*Asks:* 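This structure is in structure tokens; I'll ask about it shortly.
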Amino acid sequence: MNIYKLQYTDKAQGDADLLAKGTYEVVTEEGVTQDVYRNGTQAIVYIGQIVEIPATYDPDGKEITPPVYYDGVFYDLMTTEEIDFGIHELFPVDCVHSFLGYEKNAEGTDVDPDELIIE
Amino acid sequence: MANPSLQIGNDKWAIKESSLLGYTELGNNIAPVEIDMTRASAGTRVNSSGLVETVELLGSEDVVNGDFATDSDWGLGTGWTISGGSANSSGSNEDAYLSQSNMVIGKTYKVTFDVNSYTSGALSVRVYGESQQLLVNSTGSYSVLLTPSVTTLLGFRSAGGSGGYVGSIDNVSVKESTRNDLARVDYTGSTSSLLAEPQRTNTVVYSSDFSQYLYGGTAPTLTTGQLAPDGTYNATKISGVIGSTSLYRNAESSTTASRSIYARTVSGTGTARLTSYNSNTNNLFTLTEEWQRFELTGSNSDGGTNFYAADFRGSQTLSEFIIWGCQSEEATYATSIIPTNGSTVTRVKDQYSKTGISDKIGQTEGSIYFEFKQNQLQSYTQRILTLYSDSANLIEIQLTSSNELVFVSVKTGESAVVITKSSATTLGSITKVSVGYKAGDFVFYVNGVQAGTDTDSSKTIPQMDNLLFSRYNSTAPFIGSINSLKLYKTRLTNTQLEELTT
């Protein structure tokens, strides 16, 4: 299984690139439009922005200081296929998202469940 | 009544990697029919003992002399000895290993063992020479998953500084573990059912580690080591001050998410506000001494995107209770628990299919019985069952977004059969449907009521080879749980079809 960590300028760019690479297809049937995974895609997870410096809140959930985000938006893609995402592919060391049964920082090609990352 | 040509479930389940065992009854014998199953991640369920667990297949025992009955088979680093039925570390041997080669690179293993005495230091469990996966510094039974990538050696390393580990271990077990592509049979409630869940992400980063939560008002007292719904001692008792204490994670949910948590009282019965800000009106739950999973659905008007494991500031009766398994999903209903520990986590969708079973599907006449439950109608028309050879030759049972169950039979060059039952299902309840089909003789039953017939003699039966719980092209999947499926190669009588669904 292959897990890719991806970064794009915004969601429109990310969706377009994932669509162009055939990871999913937009299907309209019976008046309902759905994104349908194609070509070995197991999951596409839109993570959105990732916080670099957390916001602070009071216990009522009101923001005291806003968060600082990394540039752009982020996706995790799980697929059976090997895909060249070029500059959009990242190799993070402390991931904010993972797939159930896989090590938190699992990424790259031929990833096994609970693969160990050698530190 | 004729025997079904194919059955799934009906309280008889068996799974193995990448398949669910359907079956055909042949007298007193059962012939297996493997149904393909894919899910590229692990998944959880409630097992037959009522415990939440990750579905897992374990292989045979790979360790030799795991009970340390003899002084053999293990590599003993400085300070490690085998005697008295256990492996013992004397200390003054930091970084020394107790080891055995019993794994294959690239495979995942479940390692269990007991620490039956502990004096000082710590025991580091890992693949020899690779990164630590578990650090133990007290007696008890432990479990860890290891996937060797460089060596094949299981390693227990003496650690903890100032001389290392002083203590002993026993009852070591090493078994290959498979967690992906396993069907999940869930025993929630009074019946067993096959889960067919969509992709979901738990956005609460620490589902059960409440030491990672922030608090407001008077600091809560967190007492870990409580018996949890998964049978471990990973639940936490939270003691707070009514009118003051809150325990929460920042910005890990949304105002429209489905939020859930397991909770129980320490004793007796009482109320507590869980999962969202105290002033919301839909978060006051009644807890008992039994574990329950509480689900908050619908919008939260206050508290924004914070996930409040507990908020004592509103009116409630309990000042202490036990919690475990927080979850927030961006959806209108909760699915099975997705454990997290330091990141958001996604469970991939379940998919079932079977091709090449024309011999199990009635080609000129037949009957179908399907028993299912679903918690939420979808925005699209679900194909809860499709038997087909191609897009123009198929039988479907559909569930529309407006709660109509529809039987459809399509054959190239003929008019379609369409029989509809409105207000057909009750969310969270079991629905039973049956179909009888033969040229010019179609009937559809829902929960013991005949939904309709079609006796147009020009309509015949399509060729069907394959089975899906979605449309023929894998869109419009069924989302819910399946209790039973039976295919017959004869058209049962209307009385029999009615009885099946009653």
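Not measured: the values here are computed from a predicted model. Every chain is numbered from 1 and lettered A, B, ... according to where its sequence line falls, protein lines coming before strand lines.
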*Asks:* Using modelled atom types only, decide if a donor and an acceptor are shared between the side chain of B:Thr475 and the backbone of A:Val36 within a distance under 3.5 Å.
*Replies:*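 A pair under 3.5 Å: no.
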
*Asks:* Where on B:Arg126 is there a heavy atom nearer than 4.5 Å to chain A: the side chain, the backbone, both, or neither?
*Replies:*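 It is neither, since no heavy atom gets under 4.5 Å.
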
*Asks:* Is any side-chain heavy atom of A:Tyr102 less than 4.5 Å from a side-chain heavy atom of B:Asn180?
*Replies:* yes

*Asks:* In terms of heavy-atom pairs under 4.5 Å, which option from A:Asp94, A:Val32, A:Thr56 contacts chain B the most?
*Replies:* A:Val32

*Asks:* Is the OH atom of B:Tyr128 crowded by more than 12 outside heavy atoms at less than 6.0 Å?
*Replies:*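 No - once you tally the heavy atoms of other residues, nucleotides and ligands closer than 6.0 Å, there are 12 at most.
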
*Asks:* Can you find a pair of side-chain heavy atoms, one from A:Pro54 and one from B:Asn250, that are under 4.5 Å apart?
*Replies:*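 No, their side chains stay 4.5 Å or more apart.
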
*Asks:* For the CG atom of A:Leu100 and the CZ atom of B:Arg200, what is their distance to the nearest 0.5 Å?
*Replies:* 14.5 Å

*Asks:* CD of A:Glu30 to OG of B:Ser401: how many Å apart, nearest 0.5 Å?
*Replies:* 9.5 Å

*Asks:* Can you confirm whether A:Cys95 sits close enough to B:Ser343 that some side-chain heavy atom of one is under 4.5 Å from a side-chain heavy atom of the other?
*Replies:* no

*Asks:* Specify which of B:Asn473, B:Thr44, B:Thr340 makes the most heavy-atom pairs with chain A at under 4.5 Å.
*Replies:* B:Asn473

*Asks:* Check this for me, if you would: do B:Arg383 and A:Glu29 make a salt bridge, where the nitrogen-to-carboxylate-oxygen distance has to be below 4.0 angstrom?
*Replies:* no

*Asks:* Can you tell me how far OG1 of B:Thr346 sits from CD1 of A:Ile44, rounded to the nearest 0.5 angstrom?
*Replies:* 12.0 Å

*Asks:* Counting neighbours of CD1 on A:Ile64 that are heavy atoms of other residues, nucleotides or ligands and sit closer than 6.0 Å, is the number greater than 12?
*Replies:* yes

*Asks:* What's the verdict on side chain to side chain contact (heavy atoms under 4.5 Å, CB included) for A:Tyr46 and B:Thr201, showing C-alpha distance, side-chain angles and the deciding distance?
*Replies:* CA-CA 10 Å; A:Tyr46 176 67; B:Thr201 298; over 6 Å; no

*Asks:* Report yes if the side chains of A:His97 and B:Val345 come closer than 4.5 Å at any heavy-atom pair, otherwise no.
*Replies:*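 A:His97 does not reach B:Val345 side chain to side chain.
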
*Asks:* Heavy-atom distance under 4.5 Å to chain B: side chain of A:Gln42, backbone, both or neither?
*Replies:* both

*Asks:* Compare all side-chain heavy atoms of B:Gln199 with those of A:Tyr37 and state whether any distance is below 4.5 angstrom.
*Replies:*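 Side chain of B:Gln199 against side chain of A:Tyr37, heavy atoms only: contact under 4.5 Å found.
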
